[in-house]
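Input: a single structure, listed below in structure tokens.
Start at 1 with the first residue, then count along the sequence.
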Amino acid sequence: GEAPEFTKVNSSFLANTFDLGGRFEYRDSPSGVSRLSYEVEIVFTDGSRFRSEPVSMDFLPFGRSGAKARGLTRFSAWTDEVPLPPSPPTVPVALGVQKALSRRSQATGDRIKIVVKEEGVYRISADELAGSFGATVEDVKAWISQDFLRLSSQGAKCTWVPDANSEGLYFYNPGHDTLYTAYNVFWLERECMGEVVPGVQGSPAPGGEASTAFGHTAVFEEQKRQEYARFYPGLDDYWFWFLMQAGNPASNVVFRADRMDAGGPDAELELCLQGGSNSGVSNEHHVAVSVNGTVVGHSIWDKNAPATNRFAVPVSILTNGLNTLTLRAVLDAGVPYSTVYLDRFSLSYRMLAEATNDYLRIPPASATEWRASGFTNSGVHVVEIVDSRRIRAVETVQVEAGSGGTTAVRFAASTNGNLGYAVFSAQGARVPAGLEGIPASALRSTTNRVDYLLITHAVLEVQVRRLADYRAARQP
């Protein structure tokens with residue numbers, strides 16, 4: 001026959017804080033019917049729902065005092081006439097609810113682990129979030145529109161900005177390059193409200209003159225050689241790019257410099273080297289420095305000491321795109337030997353406010369109005385990087401046609417001490433290195449009680465297991 005029509009019987013939620021199960025009781029007193037069908041609907045705190053299969057049972061009234069009924073562990077509604085205790089047909093309902101809760105906990109993630117590396121603004125699409133959460137795209141879009149996602153990193157809450165039509169979200173990674181890792185980890189949870197920073201108006205002044213270039217520093221560093229034993233305890237960083245022996249052929253490093261202002265001032269090359277030997281001769285280390293085949297200077301020092309030098313580089317010898325830094329360790333007269341390391345280098349130059357691959361990072365603003373160009377579509381976002389953990393959308397920006405069929409955006413900027421701005425399209429935002437749904441923990445369950453918990457590294461597992469066995473053998 002036709003499917004039965006179900007009516008909600010309780011006027012308010014029957015709250016429960018269970019993770020993988022719980023008990024609800026309902027006392028019904030229908031009139032004029034002998035057989036009833038029921039469904040159980042679970043509403044999770046994130047707004048998602050699960051409804052059990054219908055179950056039918058006979059209604060057999062009998063008398064029961066209200067005082068005794070009020071002793072139930074879960075209250076819904078009842079009268080003096082109540083049905084008999086749950087019959088076997090209710091078992092599939094309980095199993096269905098339990099399976100749904102278990103599946104939601106184990107096969108999906110109540111939170112997502114996000115691994116990122118480079119500094120910048122990252123995007124995660126609603127489809128990716130749905131896959132990691134084990135939810136529908138519609139649910140994820142609802143969470144985004146209601147700010148029902150909490151983002152954190154290094155124990156601190158962070159803000160995020162929604163994509164158009166809740167198609168995804170954006171967040172900022174300030175970078176986390178340490179001696180131990182170059183990666184940073186963010187956590188996205190769906191169980192509570194996220195930290196919200198209202199957007200800021202970015203309408204440019206009518207007829208105002210917008211800045212189109214700014215000072216930019218590109219930093220280049222590779223952690224390829226670990227020299228802890230050689231330099232401990234004198235340095236803070238024991239990782240270097242490569243080693244050079246005086247008298248050997250020169251070493252070349254290819255680096256990229258984009259959107260240089262050809263009419264700007266000279267660029268500045270900062271070179272950080274490290275002495276790797278100590279022959280006792282003054283000024284024993286000598287490195288000749290060239291850019292694109294033109295010598296720009298020399299670095300001369302001695303002992304196992306660092307050396308930082310800055311050299312002027314004419315913009316005319318640089319190219320927009322790939323360039324070559326050449327370092328030649330020179331063995332000067334009277335020096336028996338010399339070993340040096342390249343730590344890192346950077347190039348500072350005036351950069352045009354033009355996007356590279358639909359992404360542009362503007363440093364802390366020295367101007368109150370900007371025009372960024374070079375985007376491939378009109379879906380351009382502007383966010384203000386308030387600090388290392390907070391960003392906010394710049395709204396009501398002016399999108400206009402750029403040169404060669406590209407798109408430009410004009411917006412008002414603040415000089416309030418922020419970390420600058422990021423301008424990008426959905427395609428230009430950075431992509432996380434890793435995205436993983438983490439199941440809800442059941443460690444609080446009473447079935448997981450332990451006497452002690454040992455946490456160790458894999459290399460110590462054998463020894464720790466010996467300790468665990470020793471302790472276990474002495475338990476009463």
Side-chain angles (χ1 to χ4, degrees), residues 116-119 174-184 216-258 266-314 317-319 321-349 433:
V116 294
K117 187 176 182 180
E118 290 84 6
E119 183 269 352
H176 189 66
D177 191 1
T178 71
L179 283 174
Y180 311 103
T181 181
Y183 293 90
N184 198 5
H216 172 70
T217 298
V219 180
F220 306 94
E221 183 174 13
E222 294 285 344
Q223 310 278 23
K224 293 186 175 181
R225 290 185 63 99
Q226 187 268 112
E227 297 288 354
Y228 181 83
R230 180 186 291 262
F231 295 110
Y232 179 82
L235 301 178
D236 295 327
D237 185 353
Y238 299 96
W239 288 92
F240 301 94
W241 200 324
F242 55 79
L243 176 148
M244 295 176 284
Q245 296 281 2
N248 287 351
S251 300
N252 294 317
V253 179
V254 177
F255 65 95
R256 190 174 192 91
D258 292 308
D266 287 349
E268 182 180 76
L269 173 69
E270 181 179 85
L271 182 65
C272 298
L273 301 167
Q274 171 69 41
S277 60
N278 184 2
S279 66
V281 178
S282 179
N283 294 331
E284 61 189 303
H285 306 309
H286 178 184
V287 175
V289 184
S290 302
V291 175
N292 293 336
T294 300
V295 177
V296 297
H298 297 260
S299 180
I300 299 175
W301 78 108
D302 51 35
K303 301 179 181 178
N304 291 323
T308 299
N309 299 94
R310 296 177 177 86
F311 308 102
V313 181
I317 70 171
L318 293 167
T319 62
L322 299 180
N323 297 267
T324 301
L325 171 69
T326 301
L327 302 176
R328 184 170 60 90
V330 180
L331 188 63
D332 289 331
V335 177
Y337 55 87
S338 171
T339 300
V340 297
Y341 296 87
L342 172 63
D343 186 1
R344 65 186 182 277
F345 68 95
S346 64
L347 185 71
S348 300
Y349 59 94

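The distance from atom OG1 of T339 to atom CD of Q245, rounded to the nearest 0.5 Å, is 3.5 Å. One finds the CG atom of N304 at 9.0 Å from the OH atom of Y341 (value rounded to the nearest 0.5 Å).
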Worked check of side-chain contact (heavy atoms from CB on, under 4.5 Å) between E284 and N278
CA-CA 8 Å; E284 61 189 303; N278 184 2; 3.6 Å; yes
Intermediate values then yes/no, side-chain contact (heavy atoms from CB on, under 4.5 Å), N283 and D332
CA-CA 9 Å; N283 294 331; D332 289 331; over 6 Å; no
Begin with the C-alpha distance, continue with both residues' side-chain angles, and end with the deciding distance and a verdict on side-chain contact (heavy atoms from CB on, under 4.5 Å) for L347 and N323.
CA-CA 11 Å; L347 185 71; N323 297 267; 6.0 Å; no
Can you list the steps and then say if V330 with R328 is a side-chain contact (heavy atoms from CB on, under 4.5 Å)?
CA-CA 6 Å; V330 180; R328 184 170 60 90; 3.6 Å; yes
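The main-chain N or O of I317 is found under 3.5 Å from a side-chain atom of N292 such that the two form a donor-acceptor pair. R230 places a side-chain N or O within donor-acceptor distance of the main-chain N or O of G276, the cut-off being under 3.5 Å. Of the possible donor and acceptor atoms, none in the side chain of Q226 sits under 3.5 Å from a partner among the backbone N and O of Y238. Judged by distance alone, with hydrogens and angles left aside, the side-chain atoms of T181 form a donor-acceptor pair with the main-chain N or O of Y183 at under 3.5 Å.
When all heavy atoms of L331 and S338 are compared, the pair lying nearest together is CD1-N, 4.3 Å. T308 and C272 make their closest contact through OG1-SG, 3.8 Å (heavy atoms, listed as atom of the first residue, atom of the second, distance). Contact between P314 and D266 at its shortest, heavy atoms only, is CA-OD1, 3.5 Å. Across all non-hydrogen atoms, the minimal contact from A312 to V296 is O-CB, 4.0 Å. The shortest non-hydrogen separation linking V295 to H298 is CG1-NE2, 4.1 Å.
The shortest side-chain heavy-atom distance between L271 and V289 falls under the 4.5 Å cut-off. Using a 4.5 Å heavy-atom cutoff, the side chains of H285 and S277 are in contact. Looking only at side-chain heavy atoms (C-beta outward), T217 and E268 stay at 4.5 Å or farther from each other. By the 4.5 Å heavy-atom criterion applied to side chains, L318 and Y349 are not counted as neighbours. The shortest distance between side-chain heavy atoms of Q223 and D237 falls below 4.5 Å. At least one side-chain heavy atom of L273 sits less than 4.5 Å from a side-chain heavy atom of M244. You'll find the side chain of L269 reaches within 4.5 Å of the side chain of L325, heavy atoms only. When side chains are defined from C-beta on, W301 does not count as touching N309, because their heavy atoms never get closer than 4.5 Å.
When the shell of 6.0 Å around CZ of F220 is examined, it contains more than 12 heavy atoms from other residues, nucleotides or ligands.
For the side chain to side chain contact (heavy atoms under 4.5 Å, CB included) test with K224, the passing option among W239, F240, F242, W241 is W241; the others fail.
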